[in-house]
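Remarks on the structure that follows.
Small disclaimer: the values here were computed from a predicted structure and weren't measured. Counting from 1, the numbers follow the sequence of the chain as shown. Keep in mind that the numbers below use all heavy atoms, side chains included, and drop hydrogens, waters and symmetry copies.
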Amino acid sequence: MTVLKTSLRNFFAHKGRMALSAVAVLLSVAFVSGTLVFTDTMNTTFDKLFASTASDVTVSPKTAAADDEIPQNGRPESLPASLVEQARKVEGVKDAQGSVASTSVTVVDAKNQNVGPTGGAPTIAVNWTPNELRSVEIASGHEPRGPTEVVVDGATAEKHGLKLGDELRTIAVTGDFTAKIVGTVEFKVTNPGATVVYFDTATAQRELLGKTGLFTQVSVDAKPGVSDDALKADLAAALGGGYKLQTAAEVADAGRESMAGFLDVMKYAMLGFAGIAFLVGIFLIVNTFSMLVAQRTREIGLMRAIGSSRKQVNRSVLVEALLLGLVGSVAGVAAGVGLAVGLMKLMSSMGMELSTRDLTVAWTTPAVGLALGIVVTVLAAYIPARRAGKVSPMAALRDAGTPADGKAGRVRGVLGLVLTGAGAAALVAAARAAEAGPGSLWLGLGVVLTLLGFVVVGPLLAGGVVRALGAVVLRIFGPVGRMAERNALRNPRRTGATAAALMIGLALVAGLSVVGSSMVASATEELDRSVGADYIVRSATGQPIVPQAQAALEKAPGLDHVTEYKWVDAKVTDPRGKVSTADLAATDPTYVKDLRRETTAGTLTDAYGENAMSVGSDYATEHGVKVGDVLTVAFKGGDTAKLKVAAITADVGQVDKGAMYTSVSTVARHLPAERVPHSLLILASAKDGQETQAYQALKDALAPYPQYKVSNQADYKEELQDQVGQLLNIVYGLLALAIIVAVLGVVNTLALSVVERTREIGLMRAIGLSRRQLRRMIRLESVVIALFGALLGLGLGMGWGTAAQKLLALEGLGVLEIPWPTIVTVFIGSAFVGLFAALVPAFRAGRMNVLNAIASE
């Protein structure tokens, strides 16, 4: 009880000094809790959606693509309409309804603007059936009753200013068709951003599937008392084995599984950044308690003198840490819920609608948040607590505030150098790895070891690096600058720990910058080397190019040639009988001009002959294939062909690595016309001297089809740079959390340092140091600490990035580019971070009463 009372008294006596550490815990816990709440809410949203739309049993084609896949020929797999009546006659069936649904559509308004989502969700065209009333209700107008009527979801109507009577044009592989809006619907559960349009059944069949009498699935409901599993078994017996049957639970599981990859990547990435914030927060907590223990040396000595044991003193500090962790974690869990709501609003602005009605806070979220925050805080305070327990009773006779471990010990220095050397060796091994798998393990080991090494050896480096920085940055400020330098050098361990917190965030920023810049430079270099086409036409969502759009661009004036590029589902059997899934591309012979592929054997133009093909060098090596061998190619939905290997392409670079090529005419001979894939992209080249005119002509030709984009090589390079830049900006935004915590660490160190040096500051003021000079001294001390952390972090990050790029070179990204403007900007920005962190401590130091400061203990 005495220990608890002492801890409570000390905690509240120093609550101002604890505040910034509590904020660090709060931010870290908030990120973890917010991530868990956000992902749980997304799971709840999709679970409700799947549950509301699924019938007791769903019958679909055996070969139907997954919900998140776009059919290559633009037509979803279908079932005969007669299956509906067959299902209705099965015992235990209450009702059966045929459905038509397609995601291979684009819907545009009267202004030719795409009304589909931009955040990755699909545009879905479906037929209106009574089943739709499970998930939606008509908000205005009525259901579609003929070929010229369409109903649209209310969120899309509101977002794009659509109203009853407006005309929408739907672009499908069968052609374009228009209809007027006769109604809007509202979802009974949250619609996560998809645009949904409804047509009458005959129109949906004709325009989406090419003819009537077909459905994409049959939804079957059971009579009361009949279980879903029993109904599924009865349907399977009655319909035969040519269909895929799923219960409502299985449909929900499949939908959940299709979303799992996206949700897991988001969840674990955000938790990873939360872990980085926790790591940075550890330095802040260690520094805080180390300085508090140092400042309370006399107090602790007196406690020991009157009978307190080492364990009691140790326990007292740990209880303070427990209180700090508890306060910060409770606030962090609450802040995490707010963060999750903010993330939901952000996702909504990007096109994925998430409603706060589905906000899900599982009991595990506060449990995990509290456990993490408290455990991390107590562990971080353990070393300072042990140090407090070692304070002797005689310490009460000495001046307080002077830590006994001001210099980094030799053991620490040797350990840091060993860790750093081992990490550097692992990074070199990663850079020289012959395979990506083992190289990645070396890279991960190198990152961890060098990070630990720099953290441990930081105090040893502080002396030399701070002096060097002082000579460049501080000496110009005269005596004030020299005092700032000496203050930073006074406790190398403290300076090293404070700088290490900033170092971690900046090392990640530098490493990712090097990787991102190298990726862009590598892709640009490969485009210049291998791509001969002047223009690339494609859809950002991966939709195939509809025939009417392709016909329009082929008529554009000024073109020398146009090359189709189709992706074909097939299985290849090698001469040894081994079957594998093929990366088979069907292109026109002009593709050899549009993409310069190096061959290791044969001639690529021969692969476009009758019943001929090429393979990649990796496949040829693995399967023992050589030019002249015959491969058996089984086309999905078509027949099986014997194709002769006419060329082997070198699997280098990223463009089409591992691809097998054959001609469009060869594919057309072995697939029914309606199953021949549409072009995923189209390459085109202009006639000599007509590049500008052809570029504009292509844009004009595709103006009615806003889902497609025409890019010349300069556009494509800029898009690559923008994509990488956007990804890096997201990462930098997440890393900003760790940097904010690191800045709090600098603020806290300076604030506690000012308290520790109260008498010294009073004496300096008494002998003539002005308030302005005092504030400048503290600001300069903060700047040099921040620059020290930046120098270590940027150097470390560039080493990580260089090793990672060498590893990526195995995958074709062979250009190393150091983004010096970014590195220099971050380094200079670190000085401003130091200035900002010193504002409050410097202001408080300047307001000290001189006489009171001199008289302080």
Side-chain angles (χ1 to χ4, degrees), residues 106 112 114 171 173 176 520-567 585-599 603-609 614 647 649 653-657 659 661-665 667-668 676-723:
T106 302
N112 198 43
N114 191 344
I171 304 168
V173 294
D176 302 358
V520 171
S522 299
T524 300
E525 190 268 342
E526 186 170 356
L527 284 171
D528 291 337
R529 184 185 69 250
S530 61
V531 178
D534 294 324
Y535 316 109
I536 303 170
V537 180
R538 71 203 187 286
S539 164
T541 59
Q543 283 192 342
I545 297 174
V546 295
Q548 58 270 36
Q550 181 169 328
L553 70 84
E554 287 175 347
K555 295 176 184 177
L559 295 179
D560 179 68
H561 67 266
V562 171
T563 303
E564 295 183 78
Y565 185 100
K566 305 173 184 287
W567 206 246
T587 73
D588 292 319
T590 48
Y591 192 68
V592 297
K593 299 179 182 179
D594 295 327
L595 186 71
R596 296 181 283 269
R597 290 299 306 271
E598 179 186 345
T599 57
T603 306
L604 190 54
T605 52
D606 294 341
Y608 294 98
S614 73
T649 55
Q654 283 295 299
V655 179
D656 272 4
K657 184 175 182 179
Y661 298 113
T662 191
S663 67
V664 173
S665 58
V667 171
V676 174
H678 296 296
S679 298
L680 277 180
L681 57 86
I682 289 179
L683 305 172
S685 290
K687 295 177 181 178
D688 290 341
Q690 298 188 37
E691 288 80 6
T692 303
Q693 298 90 323
Y695 183 39
Q696 188 59 48
L698 281 172
K699 287 189 171 184
D700 293 341
L702 289 175
Y705 306 98
Q707 69 268 42
Y708 305 122
K709 184 172 184 178
V710 180
S711 304
N712 59 22
Q713 291 199 22
D715 295 335
Y716 198 68
K717 292 173 186 176
E718 186 176 346
E719 290 166 24
L720 284 173
Q721 189 169 357
D722 289 344
Q723 289 171 3

>> Strictly distance-based, threshold 3.5 Å: is any side-chain N or O of Asn114 a donor or acceptor partner for the main-chain N or O of Thr106?
In response: no

> Within the distance-only criterion (no hydrogens, no angle test), does the side chain of Gln713 pair as donor or acceptor with the backbone N or O of Val531 below 3.5 angstrom?
Replying inline: yes

> Can you find a pair of side-chain heavy atoms, one from Tyr695 and one from Lys699, that are under 4.5 Å apart?
Replying inline: yes

> Do Tyr716 and Arg538 have side-chain heavy atoms sitting under 4.5 Å apart?
Replying inline: yes

>> Do Glu564 and Gln550 have side chains that approach each other closer than 4.5 Å (heavy atoms only, starting at C-beta)?
In response: yes

> Within the distance-only criterion (no hydrogens, no angle test), does the side chain of Asn712 pair as donor or acceptor with the backbone N or O of Ala714 below 3.5 angstrom?
Replying inline: yes

> For Glu598, does the CD atom sit with more than 12 other heavy atoms under 6.0 Å from it, leaving out its own atoms?
Replying inline: no

> Can you list the steps and then say if Thr563 with Lys593 is a side-chain contact (heavy atoms from CB on, under 4.5 Å)?
Replying inline: CA-CA 10 Å; Thr563 303; Lys593 299 179 182 179; over 6 Å; no

> In Å, rounded to the nearest 0.5 Å, how long is the span from CG of Leu681 to OG of Ser711?
Replying inline: 11.0 Å

> Taking the side chain as C-beta and beyond, is there a heavy-atom pair between Asp528 and Lys717 under 4.5 Å?
Replying inline: yes

>> Strictly distance-based, threshold 3.5 Å: is any side-chain N or O of Tyr535 a donor or acceptor partner for the main-chain N or O of Ala686?
In response: no

>> Testing the basics here: between Ile171 and Asp176, what is the closest heavy-atom pair and its distance to 0.1 Å?
In response: CG2-OD1, 3.5 Å

> Okay, side chain of Ser614, backbone of Tyr661: is any donor-acceptor separation there less than 3.5 Å?
Replying inline: yes

>> For Tyr591 and Tyr565, take the angle between the two ring planes, folded into 0 to 90°, and tell me which bin it lands in: parallel under 30, tilted 30 to 60, perpendicular over 60.
In response: tilted

> Could you state the interatomic distance from CD1 (Ile545) to OH (Tyr705), rounded to the nearest 0.5 Å?
Replying inline: 12.0 Å

> Which heavy atom in Gly558 sits nearest to a heavy atom in Gln690, and how many Å separate them?
Replying inline: CA-OE1, 3.3 Å

> If you take all heavy atoms of Ala552 and Ala701, which pair is closest and at what distance?
Replying inline: O-CB, 3.6 Å

> How many angstroms lie between atom CG of Leu604 and atom CZ of Arg597, to the nearest 0.5 angstrom?
Replying inline: 8.0 Å

>> Out of the candidates Val537, Ile536, Val562, only one should pair with Leu683 under the side-chain contact (heavy atoms from CB on, under 4.5 Å) rule; please name it.
In response: Ile536

> Taking all non-hydrogen atoms of both residues, which atom of Leu702 and which atom of Ala549 are closest, and how far apart?
Replying inline: CD2-O, 3.7 Å

>> What I'd like to find out is whether the side chain of Leu720 reaches to under 4.5 Å of the side chain of Val520, using heavy atoms alone.
In response: no

>> Does atom NZ (Lys657) have a neighbourhood of more than 12 heavy atoms from anything else shown, all under 6.0 Å?
In response: yes

> For Ala533 and Ser685, which heavy atoms make the closest approach, and how far apart are they?
Replying inline: CA-OG, 3.5 Å

> Can Thr605 and Thr603 be counted as having a side-chain donor-acceptor contact under 3.5 angstrom?
Replying inline: no

>> What I'd like to find out is whether the side chain of Ile682 reaches to under 4.5 Å of the side chain of Tyr708, using heavy atoms alone.
In response: no

> Would you find a donor on one side and an acceptor on the other, under 3.5 Å apart, between the side chain of Lys566 and the backbone of Pro677?
Replying inline: yes

> Which atoms form the tightest heavy-atom contact between Ala586 and Val667, and what is the distance?
Replying inline: CB-CG2, 3.5 Å

> Taking everything shown except Gln693 itself, do over 12 heavy atoms lie less than 6.0 Å from its CD?
Replying inline: yes

>> side-chain contact (heavy atoms from CB on, under 4.5 Å), that's the test. Do Leu698 and Leu559 meet it? Break it down for me.
In response: CA-CA 9 Å; Leu698 281 172; Leu559 295 179; 3.9 Å; yes

> Are Tyr608 and Thr587 close enough that a side-chain donor and a side-chain acceptor fall under 3.5 Å?
Replying inline: yes

>> To the closest 0.5 Å, what do you measure between OG (Ser530) and CG (Asp594)?
In response: 11.0 Å

